[in-house]
Amino acid sequence: MSVKLGVPSKGRLMEKTVDWFAARGIRLRRSGSERDYAGVVEGIDGVELVLLSAGEMPRELGAGRIHLGVTGSDVVREKLVHWDQRVEALAEMGFGGADLVIAVPAGWVDVDTLDDLDAVAAQFRARHGHRLRVATKYHRLVREFLREAGVADYALVDSQGATEGTVKAETAEAVADITSTGETLRANGLKILSDGLIHSSQATLFRSRQAVWGDEERAVLREFEARIGL
Ligand SMILES: Nc1ncnc2c1ncn2[C@@H]1O[C@H](COP(=O)(O)OP(=O)(O)OP(=O)(O)O)[C@@H](O)[C@H]1O
Ligand SMILES: O=P(O)(O)OC[C@H]1O[C@H](OP(=O)(O)OP(=O)(O)O)[C@H](O)[C@@H]1O
C-alpha cells in the first residue's frame, strides 16, 4: 500500500509546497491537465500524491485517509479538536506565514489589551443590550484564546471572507483574522491588540496518527523522512 501524501491543489500554498519538495529531490506533478486532481510523485518509491484544498487537509489527516499532508498550522488547530492527538507536525516548511490576531477599531484609543477589550465588552452590553461581536472564521481558536484570557462577554459572528470589512459594515465591533503585512487591517481602520496574537501560522507537513502505518508504510515513511532531512 502506498503512503498517501496530501498537497494543496491550489491557493497560496500549492506552488511553494511543490518547490519545497523539489528542493529535497521529490518531484510532484499532476497526472494530466491543470484540473486533474490526481498526481505523480517522482524521486521516491511508494508515495501517492493526493491533491485537495488546504482547508480540507485536516479532515483527511484526522480520518486517516491520507498518511501525510501539507496545510497551515492554523487550519489544523481550528479544524481538528485535540489536533495533536490526531496528527503529528513533522516539519515547519517556512512559507505560508501569517498571524491569527484579534483587532479592534483604531479609533478605540483606550483599548490596547485583552483586559481593555473585556472592560469595553461589559460596558458595550450594558449600553447596547447585546454582546460585543467578534467576526471570524476561526471559531475554535478564538473561543479557546479568549476563554484563557478571561474574556467572556462577547459573541462570535461567522465570517468566511473579507472579515476586516465587517466593522465598517457594522456587522461586528472587532475581528479575529489572518494577517501577513497588516495592510488589510490598516486599510479597514483596525489595529491589533498588543496581546492579541492567537497563533503564528505557517505551512506544515503533518503525519496522520490515524492512518494505517504497517511495515510497508513505515519503511516508506523512514525513507521519506530521510529524504526531507528529518
Ligand atoms: N495573507 C494570507 N491570507 C490568508 N491565508 C494566508 C495568508 N498568508 C498565509 N496564509 C495561510 O495560508 C493558508 C490558507 O491558504 P489558502 O488561502 O491557499 O487556503 P485556501 O486555498 O483558501 O483553502 P481552501 O482551499 O480551503 O479555500 C492558511 O494556513 C493561512 O494561514
Ligand atoms: O495582512 P495582509 O497582507 O493584508 O493579508 C491578510 C489578508 O489576506 C487574506 O485575504 P486574501 O484576499 O489574500 O485571501 P482570502 O481569499 O483567503 O481572503 C486574508 O483573508 C486577509 O484579509
Side-chain angles (χ1 to χ4, degrees), residues 5-21 28 30 34-39 49-63 65-66 68-81 83-84 86-106 134-142 144-145 156-169 171-194 196-207:
L5 168 64
V7 162
S9 58
K10 65 172 180 62
R12 72 188 81 241
L13 297 186
M14 186 268 287
E15 286 186 19
K16 291 192 174 174
T17 298
V18 172
D19 295 345
W20 189 91
F21 280 104
L28 312 178
R30 292 179 191 277
E34 272 303 300
R35 285 288 166 189
D36 184 344
Y37 290 115
L49 183 59
V50 179
L51 295 168
L52 66 160
S53 84
E56 291 174 354
M57 206 71 68
R59 182 191 66 204
E60 297 306 295
L61 285 163
R65 285 190 287 268
I66 56 176
L68 302 168
V70 175
T71 190
S73 53
D74 56 342
V75 180
V76 161
R77 283 164 173 76
E78 173 60 22
K79 299 200 173 183
L80 285 183
V81 61
W83 68 274
D84 53 349
R86 301 179 57 198
V87 297
E88 175 192 9
L90 287 184
E92 292 182 336
M93 302 172 81
F95 59 86
D99 287 342
L100 176 58
V101 297
I102 291 198
V104 299
V134 179
T136 189
K137 69 177 179 181
Y138 293 91
H139 295 226
R140 182 197 314 280
L141 285 174
V142 172
E144 284 174 2
F145 180 76
L156 285 190
V157 171
D158 184 53
S159 171
Q160 289 301 314
T163 304
E164 298 87 345
T166 58
V167 174
K168 278 183 182 171
T171 53
E173 286 70 46
V175 304
D177 199 14
I178 284 295
T179 182
S180 295
T181 65
E183 186 46 47
T184 308
L185 289 171
R186 279 189 294 276
N188 287 277
L190 299 170
K191 66 174 181 178
I192 303 169
L193 293 181
S194 60
L197 175 63
I198 300 174
H199 176 65
S200 281
S201 181
Q202 66 177 289
T204 302
L205 175 61
F206 290 98
R207 180 183 71 84

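In each ligand, atom 1 is the first atom listed, and ligand 1 is the first ligand listed.
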Review point. Does any N or O atom in G182 lie less than 3.5 angstrom from one in ligand 2, N or O only?
Key: yes
Among non-hydrogen protein atoms, atom 13 (C) of ligand 1 lies closest to L13 CD1, 3.9 Å
Quick one: are L185 and I192 in side-chain contact, heavy atoms under 4.5 Å? yes
Ligand 1 atoms nearer than 4.0 angstrom to some heavy atom of S201 are 29 (O), 31 (O)
### Task
Give a yes or no on whether K191 atom NZ has more than 12 heavy-atom contacts from other residues, nucleotides or ligands under 6.0 Å away.
yes
Residue, atom and distance of the protein heavy atom nearest atom 27 (O) of ligand 1 read K10 NZ, 3.8 Å
re atom 5 (O) of ligand 2, the protein heavy-atom contact at minimum distance is S180 N, 3.7 Å
Show, in sequence, the C-alpha distance, side-chain angles and deciding distance for L5 and I66, and conclude whether the side-chain contact (heavy atoms from CB on, under 4.5 Å) test is met. CA-CA 6 Å; L5 168 64; I66 56 176; over 6 Å; no
Ligand 1 atoms nearer than 4.0 angstrom to some heavy atom of G72 are 29 (O)
Among non-hydrogen protein atoms, atom 20 (O) of ligand 2 lies closest to D177 OD2, 3.9 Å
So CZ of F21 and CG of L205: to nearest 0.5 Å the spacing works out to 5.0 Å
dist F95:CZ -> D19:CG (nearest 0.5 Å) comes out at 8.5 Å
Within 4.0 Å of some non-hydrogen atom of G96, the atoms of ligand 1 are 9 (C), 10 (N), 11 (C)
So the atoms of ligand 1 within less than 4.0 Å of a heavy atom of G55 turn out to be 23 (O), 24 (P), 26 (O)
for atom 8 (N) of ligand 1, nearest protein heavy atom and its distance come out as S180 OG, 3.2 Å
The closest protein heavy-atom partner of atom 17 (O) of ligand 2 is R12 NH2, 3.8 Å
Could an N or O of ligand 1 be found under 3.5 Å from any N or O of Y138, whether backbone or side chain?
no
- Whether G161 lies under 4.0 Å from ligand 2, heavy atom: no
Of all protein heavy atoms, the one nearest atom 12 (O) of ligand 1 is R12 CD, 3.4 Å
Check: Does some side-chain heavy atom of V175 sit less than 4.5 Å from a side-chain heavy atom of V167?
Finding: yes
Ranked by distance from atom 19 (O) of ligand 1, the top protein heavy atom is A54 CB, 3.8 Å
Quick one: do D99 and I178 satisfy side-chain contact (heavy atoms from CB on, under 4.5 Å)? Show the steps, please. CA-CA 5 Å; D99 287 342; I178 284 295; over 6 Å; no
* atom 1 (O) of ligand 2 touched by protein (heavy atom, under 4.0 Å) -> yes
dist R86:CZ -> K79:NZ (nearest 0.5 Å) comes out at 13.0 Å
Quick look: I178 vs ligand 2, heavy-atom contacts under 4.0 Å, and the answer is backbone
Under 4.0 Å from one or more heavy atoms of E164, ligand 2 contributes atoms 21 (C), 22 (O)
With heavy atoms and a 4.0 Å threshold, my read on which part of S53 contacts ligand 1 is both
Sub-4.0 Å heavy-atom contact, G97 with ligand 1 | yes
Ranked by distance from atom 31 (O) of ligand 1, the top protein heavy atom is D74 OD2, 2.7 Å
**Request:** Using a strict 4.0 Å threshold on nitrogen-to-oxygen distance, state whether R65 and E60 make a salt bridge.
**Result:** yes
One finds that the ligand 1 atoms under 4.0 Å from a non-hydrogen atom of V75 are 28 (C), 29 (O)
min-distance protein heavy atom vs atom 3 (O) of ligand 2 -> T181 OG1, 2.7 Å
- [ ] Might you check, step by step, whether the distance between atom 22 (O) of ligand 1 and some protein heavy atom is under 4.0 Å?
- [x] no
Is G11 in polar range of ligand 1, meaning some N or O pair under 3.5 Å apart? no
Note: ligand 1 atoms sitting under 4.0 Å from heavy atoms of I178 are 2 (C), 3 (N), 4 (C), 5 (N), 6 (C), 7 (C), 31 (O)
Note: V76 and V87 closest approach over all heavy atoms is CG1-CG2, 4.0 Å
The protein heavy atom nearest to atom 4 (O) of ligand 2 is T184 OG1, 2.6 Å
| Is a side-chain donor-acceptor pair under 3.5 Å present for T166 with S159? | no
Heavy atom of protein inside 4.0 Å of atom 8 (O) of ligand 2, strictly below: no
Taking atom CD of E88 as the centre, report whether more than 12 heavy atoms of other residues, nucleotides or ligands fall under 6.0 Å from it.
yes
